[in-house]
Amino acid sequence: NPGGATLGGTVTVNAVSGVATFSSLSIAVAASGYTLIASGSGVATATSGRFNVTAGAPAQLAFSTQPANANAGALLSSVSVDIEDALGNRTTSTGSVSLAIGVNPSSGTLSGTTTVTANSGRAIFRNLSINYPGTGYTLISSSSGLPSVSSDTFNMIGRFYLSVSTVDIGRTQILYLSIGTSAPSGGLTVTLTSGNTAVATVPSSVFIAAGATAPAAYPQLTGVQIGTTTVTATAANFAAGMAGVNVSTTASFSPTSNNAYEGLLTDATLSITGIAPAGGLTFTLSTDNTGVAAVPSSVTIPAGTSSVQVVITGTGVGSTTMRADLIGVPEATATINGYTPPAITMATTDPTEGIPGGTLVGNNMYHGIRLTAVAGPQFDETVTITSADPTHFLLATDPTQVGTATVTLPLARNTTSLPEIYLQGQNYSGNVAINATLTSSASGYVAGSLGANLFPSGLAFFSNALSTTSISY
């Protein structure tokens, strides 16, 4: 029984003169190699020779392989249609079979080879596709002289393509979105969601016009906080599309090489390419060698800004690396070069009126002195200049005013220059120069000094090469 068929008709008859005749037998399933077995009471069974049952004339169509769900615009799995006889047996017909869309929920178009010549009664369609997503499509098969037949329902599923690079915190980045086929009539509204709106946000939806594969303007993704999340796109008849999102930023120090003087504060700027969120962005700070320079354990970039000052304290001589760390952000580094404490230097404003290591001033006269800081302070500072002999040497910031034993000058943040002061000589007596020391001091600086020399008012000659015919006074 190669066809698994049931023998039809009258299968039990009485023998007449030893012969039993079966005149109404039938087998409904075409196959080759059938046999019949005859049996009777009290006699041995007998088996017939093999015989074949062939299909009848073409009478109907049937889907032997139904269409399956597929991505819109992509090829369907092969679909097969058989040309059968009235009993459902596949014939050997070589007739043409055509397919068309039956139920068309999205006004889709069937593409590919839609008419195929049957081979031994079977037509196989291998390159069919439907362009628009939809639920409940059917195909109709037809062949000349035979009634049409519909397939089972199947779905065409739309596909999203999402792409986004790393998003900088506090800034926006394009979310590239497209679909694998043109949007249907009336367009397509795509719903967008973020898996964690505390990390990144997206617009609630975006529209793709009919016939287009992408929105006229791509949606913008906004980075809110350092971290990762997933953006999901959904629409009717579309499989959900997803893209992973990483929100980060790039941090850097400016300058990348810093000078720190022992006992003195300086600073550098820590910046990010993004914008700090609510609550700010806190970095852990460190130096590889605290014997050269020290920094606070942490620093916070305030909300809505992109930078903060980092105070560096010089602790010794050498070189070290300063680091800023935050989970999810590449480490920022800068070099710190440590030096011995800086000094406040003093020098005469007119080198022709000075002597090595000092300056000259006449009795009841004044002379300018210029002060310079080797390094600028991190905060506004004051410098005090003191005369060791106020009886003969006074100091003033205004040459028209009587000086004092001590003057104080402002030293502005990150500057090295100070206002000029004036040395006033007085109370000279005798016939030799009067000497004293001027001292400059400031917090964190090595004290500076300058020798002061008081002479009687008049001319002093340091060379015997002077030649003149007259001198007027």
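One-based numbering along the sequence shown. Because the structure is a prediction, the values reported are computed rather than measured.
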Colleague: Hey, is the main chain of Gly136 close enough, under 3.5 Å, to the side chain of Asn155 for a donor-acceptor pair?
Modeller: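 A pair under 3.5 Å: yes.
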Colleague: Would you call Val79 and Phe63 a side-chain contact if the rule is heavy atoms closer than 4.5 Å?
Modeller: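 Answer yes - side chains close enough.
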Colleague: Are any of the side-chain heavy atoms of Leu128 and Leu99 separated by less than 4.5 Å?
Modeller: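 Heavy-atom side-chain distance check passes, below 4.5 Å.
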Colleague: More than 12 heavy atoms of other residues, nucleotides or ligands under 6.0 Å from CZ of Arg171: yes or no?
Modeller: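 It does: Arg171 CZ has more than 12 such atoms within range.
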Colleague: If we ignore hydrogens and angles and just use 3.5 Å, is the side chain of Ser440 paired with the main-chain N or O of Ile344 as donor and acceptor?
Modeller: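 Present.
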Colleague: Please tell me if the side chains of Tyr218 and Val206 come closer than 4.5 Å, counting only heavy atoms from C-beta onward.
Modeller: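 Side chain of Tyr218 against side chain of Val206, heavy atoms only: no contact under 4.5 Å found.
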Colleague: If only side-chain N and O atoms count, and only distance matters, is there a donor-acceptor pair under 3.5 Å linking Thr249 with Thr273?
Modeller: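 A pair is found: one side chain offers a donor N or O, the other an acceptor, under 3.5 Å apart.
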Colleague: Can you tell if the side chain of Ser182 reaches within under 4.5 Å of the side chain of Tyr132, non-hydrogen atoms only?
Modeller: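 Yes. Closest side-chain heavy atoms under 4.5 Å.
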Colleague: Report the distance from atom OG1 of Thr92 to atom CZ of Arg122, rounding to the nearest 0.5 Å.
Modeller: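 Output value for this atom pair is 13.5 Å.
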Colleague: Checking Thr269 against Gln309: is there a side-chain donor and acceptor pair closer than 3.5 Å?
Modeller: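 On atom types as modelled, these side chains qualify, holding a pair under 3.5 Å.
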Colleague: Starting at OG1 of Thr345, measure out to CG of Leu371 and round the result to the nearest 0.5 Å.
Modeller: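 Reported to 0.5 Å precision, the distance equals 7.0 Å.
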Colleague: Counting only pairs under 3.5 Å, give me each side-chain donor-acceptor contact of residues 319-327, with atom names and distances, residues two or more places apart or in other chains.
Modeller:
from	atom 1	to	atom 2	distance (Å)
Thr320	OG1	Asp288	N	3.3
Thr320	OG1	Asn289	N	2.8
Arg323	NE	Asp288	OD1	2.9
Arg323	NH1	Glu331	OE1	3.0
Arg323	NH2	Asp288	OD2	2.9

Colleague: Checking side-chain contact (heavy atoms from CB on, under 4.5 Å) between Val97 and each of Ile83, Thr117, Val116, which is the one that passes?
Modeller: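 Passing option: Ile83.
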Colleague: side-chain contact (heavy atoms from CB on, under 4.5 Å) with Phe125: which of Thr113, Leu139, Val81?
Modeller: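 With Phe125 as partner, side-chain contact (heavy atoms from CB on, under 4.5 Å) holds for just one option, Val81.
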Colleague: Calculate, to the nearest 0.5 Å, the distance between atoms OG1 and CG belonging to Thr386 and Leu438 respectively.
Modeller: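 Separation between the atoms: 9.0 Å.
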Colleague: Could you tell me whether the side chain of Asn104 and the main chain of Ser107 form a donor-acceptor pair under 3.5 Å?
Modeller: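 Confirmed, Asn104 side chain pairs with Ser107 backbone.
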Colleague: Considering only heavy atoms from C-beta outward, does the side chain of Asp168 approach that of Gln173 to under 4.5 Å?
Modeller: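 Sidechains of Gln173 and Asp168: no contact.
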Colleague: Evaluate the side-chain proximity of Leu7 to Leu25: yes if any heavy-atom separation is below 4.5 Å, no if none is.
Modeller: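 SC-SC contact between Leu25 and Leu7 confirmed.
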Colleague: Hey, could you give me the CG/CD1 distance between Asn119 and Ile124, rounded to the nearest 0.5 Å?
Modeller: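 It is 7.5 Å, given to the nearest 0.5 Å.
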Colleague: With distance as the sole criterion, is a donor-acceptor pair present between the side chains of Asn237 and Thr135 under 3.5 Å?
Modeller: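 On atom types as modelled, these side chains qualify, holding a pair under 3.5 Å.
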Colleague: First locate atom CZ of Arg90, then atom OG of Ser64, and finally report the distance between them rounded to the nearest 0.5 Å.
Modeller: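 It is 7.5 Å, given to the nearest 0.5 Å.
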Colleague: Examine the side chains of Thr115 and Ser98 and answer whether a donor and an acceptor come within less than 3.5 Å of each other.
Modeller: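 Yes - a donor-acceptor pair under 3.5 Å links their side chains.
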Colleague: Are the side chains of Pro133 and Thr181 in contact, using a 4.5 Å heavy-atom criterion?
Modeller: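 With C-beta onward as the side chain, the pair touches.
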Colleague: Taking atom types as modelled, is there a side-chain donor on Ser148 or Ser142 under 3.5 Å from an acceptor on the other?
Modeller: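 Result is no, nothing qualifies.
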Colleague: Near Arg413 CZ, under 6.0 Å, is it more than 12 heavy atoms from other residues, nucleotides or ligands?
Modeller: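 More than 12 heavy atoms, drawn from other residues, nucleotides or ligands, come within 6.0 Å of this atom.
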Colleague: Any chance you could measure Ile101, atom CD1, to Leu110, atom CG, to the nearest 0.5 Å?
Modeller: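 Those atoms lie 5.0 Å apart.
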Colleague: Return each pair, listed once, that meets ring-ring contact (aromatic ring centres under 6.0 Å, His included) where at least one residue sits in residues 228-248; pairs must be two or more places apart or across chains.
Modeller: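 Only Phe160-Phe238 qualify under ring-ring contact (aromatic ring centres under 6.0 Å, His included).
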